[in-house]
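Shown next, in structure tokens, is the structure this report addresses.
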Amino acid sequence: MPVPAIMRGMAEGGKPAHEGRVAFVTGGGRGIGAATAKLLAREGAAVAVAARTEKEVVGVAREISASGGEALPLRLDVTDEVSVSEAFQRTREELGPADILVNNAGLPGVPLPVAATEPAGWRRVFEVNVTGAFLCAREALPQMAAGNWGRIINVSSAAARHPMAGMAAYSASKATLDQLTRVLALEGKPNNIAAICVYPGVVDTRMQEESRSFGAEVVGESLHRMFNNYRDFGVLRRPEEPAGLISYLCTQEAARLNGHIIRLEQLATLRGDK
Ligand SMILES: NC(=O)c1ccc[n+]([C@@H]2O[C@H](COP(=O)([O-])OP(=O)(O)OC[C@H]3O[C@@H](n4cnc5c(N)ncnc54)[C@H](OP(=O)(O)O)[C@@H]3O)[C@@H](O)[C@H]2O)c1
């Protein structure tokens, strides 16, 4: 079954923050990406909702159109440059040139010590978390430059800064994504394109579920306990919280944060919440 074409609903009054923008959200089918796609749409953007699982991207696009927004569900594998190029082309044809890119698609891989990590597993984590973001940025940048405005939000992780035994591939890939963001910030600046990284906190998504599901015999007692403690001690955040941060970072006001890495906890201060 082909992925359905653009889904349009009727927008409701007020002038939303992202009115007139076209956003491309990778990993938009669930978790942080789905919450972000829905929020950007609620705030006026037309949103390309992109990931590999058709059912999920179609479901999110339906929800957006049912509540008055505009969405284009896209089957996308961020590691495949043809798939990425086709997805951006369809977005341009059906919604217009992308001016917001949220590089959210990511995966942790199996958390193992370096000596026990298969090269294929290491490469896969880098392919999705780093090369995927590069391929999408590479497609989005010319469209953003043509409109002399753009925002690239890379969803990274505090694991980039805090080393943990067993998390080499994930941590190193996210540290690389941080540095990619800083370079994008320099390259984008002349065209009014800001690139910003997000550390979303520990969020209640499939990724955390999967991390909890690895037995202590696979990932070791310490990581097993850490993943389960996140749930058991109630520290998991709702995906809507990092989505709120991402949406804020797509506003004009947030252009000043070009090249910065922003943690979820900073949102209230940045927004000047009372
Ligand atoms: N949850 C946390 O605690 C946490 C903490 C720090 C950072 N993060 C980061 O937040 C981002 C979102 O994760 P999440 O927690 O929301 O996890 P999630 O619910 O598992 O979502 C991951 C998304 O990425 C997509 N994806 C994976 N591989 C892809 C590929 N090759 N091509 C296109 N899409 C792909 C998945 O869709 P398909 O499988 O359908 O392709 C899914 O939509 C990730 O970058 C993650 O590293 C999460």
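Remember, predicted model here, so these are calculated numbers, not experimental data. Note that ligands are numbered from 1 as they come in the structure, with each ligand's atoms numbered from 1 the same way.
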> Within the structure, does Asn104 bring an N/O atom to less than 3.5 angstrom of an N/O atom in ligand 1?
Replying inline: yes

>> How far is atom 23 (C) of ligand 1 from the closest protein heavy atom, and which atom is that?
In response: Gly27 CA, 3.7 Å

>> Under 4.0 Å, counting heavy atoms only: does Glu210 come that close to any atom of ligand 1?
In response: no

> What are the atoms of ligand 1, with element, lying closer than 4.0 Å to any heavy atom of Thr53?
Replying inline: 38 (P), 39 (O), 40 (O)

>> Side chain or backbone, does Thr79 bring an N or O within less than 3.5 Å of an N or O on ligand 1?
In response: no

> Taking both backbone and side-chain atoms of Ile32, is any N or O found less than 3.5 Å from an N or O belonging to ligand 1?
Replying inline: yes

>> Quick check: Leu107 and ligand 1, any N/O pair under 3.5 Å apart?
In response: no

> Taking the minimum heavy-atom distance to atom 36 (C) of ligand 1, which of Glu127, Arg30, Met207 ranks first?
Replying inline: Arg30

>> Checking a contact table here: which protein heavy atom is nearest atom 32 (N) of ligand 1, and how many Å away?
In response: Val78 N, 3.0 Å

> Side-chain contact, heavy-atom cut-off 4.5 Å: Val78 with Asn103?
Replying inline: no

>> Suppose I only count heavy atoms of Val155 and a 4.0 Å limit; which atoms of ligand 1 are within that range?
In response: 9 (C), 10 (O), 11 (C), 45 (O)

>> Judged on heavy-atom distance to atom 26 (N) of ligand 1, which of Ala105, Ala87, Ala37, Gly28 sits nearest?
In response: Ala105

> Any nitrogen or oxygen of Pro200, main chain or side chain, under 3.5 Å from a nitrogen or oxygen of ligand 1?
Replying inline: no

>> So if I apply the side chain to side chain contact (heavy atoms under 4.5 Å, CB included) rule between Met144 and each of Asn192, Leu101, Ile100, which one comes out positive?
In response: Leu101

> So is Val128 polar-close to ligand 1, meaning N/O to N/O under 3.5 Å?
Replying inline: no

> Which ligand 1 atoms does Ser157 reach within 4.0 Å, using its non-hydrogen atoms?
Replying inline: 6 (C), 7 (C)

> Any idea which atoms of ligand 1 are less than 4.0 Å away from a heavy-atom of Gln208?
Replying inline: 1 (N), 2 (C), 3 (O)

>> Tell me the nearest of Ser156, Ala158, Ala51 to atom 7 (C) of ligand 1, using heavy-atom distances.
In response: Ser156

> Between Glu253, Arg271, Gln266, which is the residue that forms a side-chain hydrogen bond (donor to acceptor under 3.5 Å, both in side chains) with Tyr248?
Replying inline: Glu253

>> Is there a continuous path of hydrophobic side-chain contacts, each under 4.5 Å between heavy atoms, that joins Trp122 to Val110?
In response: no

> Is ligand 1 under 4.0 Å from a heavy atom in the side chain of Arg124, in the backbone, in both, or in neither?
Replying inline: side chain

> Backbone, side chain, both or neither: what part of Val57 comes under 4.0 angstrom of ligand 1, heavy atoms only?
Replying inline: neither

> Can you list the atoms of ligand 1 that are under 4.0 Å from a heavy atom of Leu76?
Replying inline: 32 (N), 33 (C)

> Which atoms of ligand 1 are found less than 4.0 Å from any heavy atom of Val202?
Replying inline: 3 (O)

> Which protein non-hydrogen atom lies closest to atom 41 (O) of ligand 1, naming both residue and atom, and how far is it?
Replying inline: Arg52 NE, 2.7 Å

> Counting from 1, what ligand 1 atoms have a heavy atom of Arg206 closer than 4.0 Å?
Replying inline: 19 (O), 20 (O)

>> Using heavy atoms and a 4.0 Å limit, tell me yes or no: is Asp77 in contact with ligand 1?
In response: yes

> Tyr170 heavy atoms, cut-off 4.0 Å: which ligand 1 atoms fall inside?
Replying inline: 6 (C), 7 (C), 8 (N), 9 (C), 46 (C), 47 (O)

>> Given Pro108, Ala243, Gly201, identify the one with the heavy atom nearest to atom 4 (C) of ligand 1.
In response: Gly201

